[in-house]
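Beneath this line is the structure, given in structure tokens, with notes to follow.
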Protein chains: 2
Amino acid sequence: MKVLSKSSEYGLRALLYMVTRSGEQEYVSIREMSEELEISFHFLTKILQNLTQANMLVSYRGPSGGVAFNTPPEDILLVDVVRILEGDDFFDKCLLGLPGCGERSPCPMHEFWKGIKAALKQEFETTSLAAMGKSIQLKSLRLVP
Amino acid sequence: MKVLSKSSEYGLRALLYMVTRSGEQEYVSIREMSEELEISFHFLTKILQNLTQANMLVSYRGPSGGVAFNTPPEDILLVDVVRILEGDDFFDKCLLGLPGCGERSPCPMHEFWKGIKAALKQEFETTSLAAMGKSIQLKSLRLVP
DNA sequence: CAGTTTTAAGAGTATTTTGTCTGCAAAGTA
DNA sequence: TACTTTGCAGACAAAATACTCTTAAAACTG
């Protein structure tokens with residue numbers, strides 16, 4: 001079952017890594033993150049660029065540069081991240097992919113799926129990066145803990 | 001949010017179409033389904049072949065041939081379909097894709113995701129094709145209802 | 001048997017996603 | 001200024017997914 005693309009997964013893991021580092025230095029190096037989390041550097045760079053262009057992060061070049069949160073992670077919700085990396089219609093899609101599916105003409109899984117989706121949405125809309133970060137052991141973000 | 005691949009989506013829609021047709025004729029033509037549901041004939045054929053090889057369906061060639069349920073749709077659960085078309089580990093994956101994620105070393109989303117996954121699994125394991133089919137309007141299986 | 005209808009099987013193509021590489025631009029250091 | 005460090009941008013490549021096509025094989029029809 002694949003809910004998030006690799007891009008979202010990598011982006012989220014990097015953001016959570018940044019949360020565990022917040023306060024240490026202004027900017028967190030993308031290279032460092034790519035090595036710690038074992039994610040391709042160039043790929044991660046491109047993902048974080050999306051977040052930077054969406055003003056979730058700010059970046060800085062040169063020595064001791066990197067990326068940093070533009071707004072405190074307390075104010076960034078999971079849904080914000082996912083909307084940027086997966087697209088705006090993340091929660092609007094039908095489970096079966098039927099374009100006409102909706103209240104008016106529900107697909108066979110509509111009712112069943114509606115409850116699950118609402119629960120997921122609720123969680124995504126109330127969970128902040130900071131809240132997730134609170135319970136993180138750094139090793140759990142790595143590939144082979 | 002993409003939970004099912006196109007293959008699973010098409011397969012499920014075809015199976016539900018068959019449920020609405022059960023009793024009418026022994027075998028349902030793949031060509032007919034592909035046209036009614038606007039799914040590529042050859043692609044659908046291959047997907048249904050998987051279900052046939054897994055003994056969920058039986059097939060018959062020649063005029064008035066097609067596919068039919070091997071066991072009554074009352075006894076086929078959603079999870080059975082998904083396990084065949086998506087693979088056995090459908091419900092075992094971590095939301096963040098972290099291979100080591102588990103009770104021993106939970107990823108940051110582990111607790112949150114556990115609840116959602118359990119609810120989904122519960123639904124998939126208790127919903128039969130026949131039950132889904134009961135509430136189906138045929139048009140809701142078509143691409144542009 | 002010859003011809004038609006239908007699924008089976010596998011090769012081939014297209015598209016999307018994921019990942020890599022190269023050069024450039026910005027910022028710091030000496 | 002020359003050099004190093006870092007992110008930015010876009011082209012390129014590999015892999016996964018989605019789809020197409022061709023040929024065969026089974027079953028029926030006359």
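Sequence lines set the chain letters: A, B, ... in the order given, protein chains first and strands last, and positions in each chain run from 1.
- Between A:S40 and A:S64, the residue anchored closer to the 5' end of DNA chain C is A:S40, taking for each the nucleotide with the nearest heavy atom.
- Within the structure, ring pair (Phe, Tyr, Trp, His ring centres under 6.0 Å) contacts touching residues 32-51 of chain B (residues at least two apart or in different chains) are B:Y10-B:F43.
- Applying the side-chain contact (heavy atoms from CB on, under 4.5 Å) rule to B:D88 yields the partners B:R83; only residues at least two apart in sequence or on another chain are considered.
- The CD1-C1' distance, from A:I39 to C:dT18, rounds to 13 Å in whole Å.
- Under the ring-ring contact (aromatic ring centres under 6.0 Å, His included) criterion, B:F124 pairs with A:F112, B:F91, sequence neighbours left out.
- Where A:K46 and A:Y60 each meet DNA chain D at their nearest nucleotide, the meeting point lying more 5' is that of A:Y60.
- Rounded to a whole Å, the NZ atom of A:K6 is 12 Å from the C1' atom of C:dG19.
- Nucleotides of DNA chain D that come within less than 4.0 Å of any heavy atom of chain B span, from the 5' end to the 3' end, D:dA18 to D:dC28.
- Residue B:Q53 is in sugar-phosphate contact alone, with no base atom involved, counting any heavy-atom pair closer than 4.0 Å across all strands shown.
- Applying the salt bridge (charged side-chain N to carboxylate O under 4.0 Å, His left out) definition to pairs two or more places apart or across chains, none involves residues 48-57 of chain A.
- Here ring pair (Phe, Tyr, Trp, His ring centres under 6.0 Å) pairs that include residues 69-88 of chain A, with residues two or more places apart or in two chains, number zero.
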Filtered N/O pairs between nucleotides 21-24 of chain C and protein, under 3.5 Å:
| unit_1 | atom_1 | unit_2 | atom_2 | d |
| --- | --- | --- | --- | --- |
| C:dC21 | N4 | A:H42 | ND1 | 3.2 |

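- Checked for salt-bridge contact, B:E32 and B:R21 meet the test: a charged N lies under 4.0 Å from a carboxylate O.
- For A:E125, the side-chain contact (heavy atoms from CB on, under 4.5 Å) partners are A:V79, A:K121, not counting sequence neighbours.
- Among pairs with a residue in residues 53-76 of chain A, none fulfils side-chain hydrogen bond (donor to acceptor under 3.5 Å, both in side chains), at least two apart in sequence or across chains.
- Looking at heavy-atom distances under 4.0 Å, B:Y27 makes no contact with the nucleic acid at all.
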